[in-house]
Protein chains: 2
Amino acid sequence: MATQDADIFDDMRHRLITGEFGYGTKLRAEKLRQDYNCSASTVREVLFRLSTVGLVDFQEQRGFKSPYQSVERQHELTHMRILLETEGACLSIRLGGVEWESRLTAAHHKLSHIETRVRSSGDLIPLLGLWSRAEQEFHETLIDACGSGLLKRTHVVIYEQFRQQLVSAETNYGYFPENIREHQAILDAALQRNEDLMRVCVNDHLARNLTRPLPRKSYPDAFGKSSAI
Amino acid sequence: MATQDADIFDDMRHRLITGEFGYGTKLRAEKLRQDYNCSASTVREVLFRLSTVGLVDFQEQRGFKSPYQSVERQHELTHMRILLETEGACLSIRLGGVEWESRLTAAHHKLSHIETRVRSSGDLIPLLGLWSRAEQEFHETLIDACGSGLLKRTHVVIYEQFRQQLVSAETNYGYFPENIREHQAILDAALQRNEDLMRVCVNDHLARNLTRPLPRKSYPDAFGKSSAI
DNA sequence: TACGCTCAAAATTTCGAAAATCAAAGAAAA
DNA sequence: TTTTCTTTGATTTTCGAAATTTTGAGCGTA
């Protein structure tokens, strides 16, 4: 049986990612202790762990908070996702076999099905949970054959913070109608094993979350080719 | 005054990075409790935190270990460093001003001084502590003007695990005579603000730690230009 | 010898409270 | 009125021990 610690950790992570606590809300140890009917140290332990994966802010002698939402933060997380996912996807193209293609196709099919339902109903909310899981699954499968467990673990950490930053109505939960076309384009690039195209597709897909463009090269490339970022 | 927790965390991190515990050694809570004359929970808290930054391995109901050394792990860490440092250095070139150039030059000067002493004496060991700090300082300054706190924090986490993997005589502590020339080349690329050259220099410098090459593109680039990785 | 079982020792997880620290409200001084 | 100091209440940090789980040695059986 799993340890209590681990259960509380998972549950708290889920609550944080789905935005149950508002941005910048203080996480009172006493309140959580009651929620889970456990001791103070257990709560503290869990909150510490969550703080090192960026889902909780910790300040010495001042306790724990759910992180603030900020354009700055969204920008940095998006940038990092682009960096990790383009790299991971391109490596998967180089290293992954037909088995990887197959899993990616399956993940895309599931996601595509949900996004089509969202489009026809025009309302994301009732499908938000399903969609979130499918979206994460698709993006994780995309980089799954990259050959680096470290890259994949790092990506999960960044992805979850990214999701946490976007779980409010104002930011549209990170959902856009263009997703359908863009996810399809990413799948196509994977099946064509075209790395340059993949970089462009992933970049376009994620850059939608930016309010200002990423910095471009400070001088023109000798070949006029756009850089990866 | 800093909290006891934080002090122990910093000290343990230092001990782990400098390889005081052997690879794969069990970290006994009771032993550490005595070392620091504190309670078991405090030790546990610290070890949990260290485990989420990869300096300690944690297994449910089985406690904490110093991580194993493996070629696989070194490979993945090197790969990740290349990814983060090329990106960070190129962004610094785009965004950093003369103030950044100046700090990088200063960091290089300090590092260069130490590496010259190592070369003439032929013995790294007495200067290992100094060199390590200077090396880290140089590489962190390199990406310091990248504009993303997230990228910098992620890099520190990766860098420290990388260092931890190399702190034994067999791996030469990650030191090579070629360092002098390579660090100089990186500085030059920065001052020339040449991003393509920077990618090549950083790549060459770090790839030295690899026992097998990184996967190349699966088909020739249209322009015959080598990719970032 | 090999395999499985039981039981005790060792280690980990969880607890609840004491000690230390911070924050807010109110009193005193400028 | 504004500023500084003090007290009190709330929160965080640290502790040491109880409860739980794993480890491994010893024993019996195929």
Side-chain angles (χ1 to χ4, degrees), chain A residues 1-16 19-69 153 161 164, chain B residues 1-16 19-69 153 161 164:
Chain A
M1 186 179 54
T3 182
Q4 187 187 198
D5 229 76
D7 290 340
I8 300 181
F9 181 86
D10 287 340
D11 191 66
M12 274 298 293
R13 180 173 59 185
H14 185 257
R15 292 172 76 182
L16 285 160
E20 181 176 323
F21 312 96
Y23 295 109
T25 304
K26 200 155 189 354
L27 301 171
R28 264 166 240 287
E30 177 55 22
K31 168 71 167 55
L32 294 172
R33 198 192 63 69
Q34 288 171 12
D35 281 6
Y36 294 107
N37 190 37
C38 70
S39 86
S41 342
T42 305
V43 168
R44 187 176 168 80
E45 214 171 271
V46 167
L47 289 176
F48 260 127
R49 292 215 267 164
L50 289 164
S51 77
T52 51
V53 292
L55 293 176
V56 162
D57 275 359
F58 167 70
Q59 269 197 301
E60 233 173 58
Q61 310 278 36
R62 275 181 221 184
F64 302 88
K65 277 184 183 180
S66 135
Y68 291 101
Q69 192 180 38
R153 288 192 302 276
Q161 290 181 61
Q164 182 186 44
Chain B
M1 188 177 57
T3 183
Q4 185 186 16
D5 228 78
D7 289 341
I8 300 180
F9 181 86
D10 288 341
D11 191 65
M12 275 298 293
R13 179 174 57 185
H14 184 258
R15 293 171 75 182
L16 286 160
E20 181 176 323
F21 312 97
Y23 295 108
T25 305
K26 202 157 189 353
L27 301 171
R28 265 167 239 286
E30 177 55 21
K31 168 70 167 57
L32 295 172
R33 198 192 64 68
Q34 288 171 13
D35 281 5
Y36 294 108
N37 190 38
C38 69
S39 85
S41 340
T42 304
V43 168
R44 188 176 166 79
E45 214 171 272
V46 166
L47 289 176
F48 261 127
R49 293 214 267 166
L50 288 164
S51 77
T52 51
V53 293
L55 294 176
V56 162
D57 276 359
F58 167 71
Q59 268 196 301
E60 232 173 59
Q61 310 278 36
R62 273 180 221 186
F64 303 88
K65 277 184 183 180
S66 135
Y68 291 101
Q69 192 179 39
R153 287 192 301 277
Q161 290 181 60
Q164 182 186 43

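First the proteins, then the strands, lettered A, B, ... as listed; each starts at 1. Remember, predicted model here, so these are calculated numbers, not experimental data.
For the pair Arg33(A) CZ and dG16(C) P, the computed distance is 7 Å after rounding to whole Å. Between the CG atom of Asp7(A) and the C1' atom of dT14(C) there is a distance of 14 Å, given to the nearest Å. Separating the CD atom of Glu60(B) from the C1' atom of dT20(D) is a distance of 13 Å, rounded to the nearest angstrom.
Considering only side-chain N and O atoms, Thr3(B) lies nowhere under 4.0 angstrom from the phosphate OP1 or OP2 of dT12(D). Applying the 4.0 Å criterion to OP1 and OP2 of dA11(C), one finds that Arg28(B) has a side-chain N or O inside that range. For the OP1/OP2 pair of dC15(C) and a distance below 4.0 Å, the side-chain nitrogens and oxygens of Thr42(A) include at least one atom meeting the criterion. Phosphate contact (OP1/OP2 of dC15(D), side-chain N/O of Ser39(B), threshold under 4.0 Å): present.
Of the listed residues (Arg28(B), Lys26(B), Arg33(B)), just one forms a salt bridge (Lys or Arg N to Asp or Glu O under 4.0 Å) with Glu30(B), and that residue is Arg33(B).
The aromatic rings of Phe64(A) and Phe58(A) are tilted relative to each other, their planes meeting at an angle between 30° and 60°.
Residues satisfying the side chain to side chain donor-acceptor pair (under 3.5 Å) criterion with Ser39(B), sequence neighbours excluded, are Thr42(B). Under the side chain to side chain donor-acceptor pair (under 3.5 Å) criterion, Gln164(A) pairs with no residue, sequence neighbours left out.
Comparing atom distances between the Phe58(B) side chain and each of dT14(C), dT11(D), dT13(C) picks out dT13(C) as nearest. In this structure, of dT14(D), dC15(C), dT23(D), it is dT14(D) that holds the atom nearest to the side chain of Glu45(B).
Direction of the helix axis in the helix from dT1(C)-dA30(D) to dA30(C)-dT1(D) shifts by 20° between the two five-pair termini, rounded to 10°.
Contact annotation for Arg44(A): base contact, defined as any heavy-atom pair under 4.0 Å involving a base atom. Using a 4.0 Å heavy-atom distance criterion, Gln4(B) is classed as a sugar-phosphate-only contact. Contacts of Lys26(B) with the nucleic acid, taken as non-hydrogen atoms under 4.0 Å apart, involve only primed sugar atoms and P, OP1 or OP2.
Proximity of a side-chain donor or acceptor of Ser66(B) to a complementary backbone N or O of Gly22(B) within less than 3.5 Å is detected.
Under the 4.5 Å side-chain criterion, counting only non-hydrogen atoms from C-beta, Arg15(A) is not in contact with Leu27(A).
Interatomic distance, OG of Ser41(A) versus CD of Glu45(B), reported as 8.5 Å (0.5 Å rounding).
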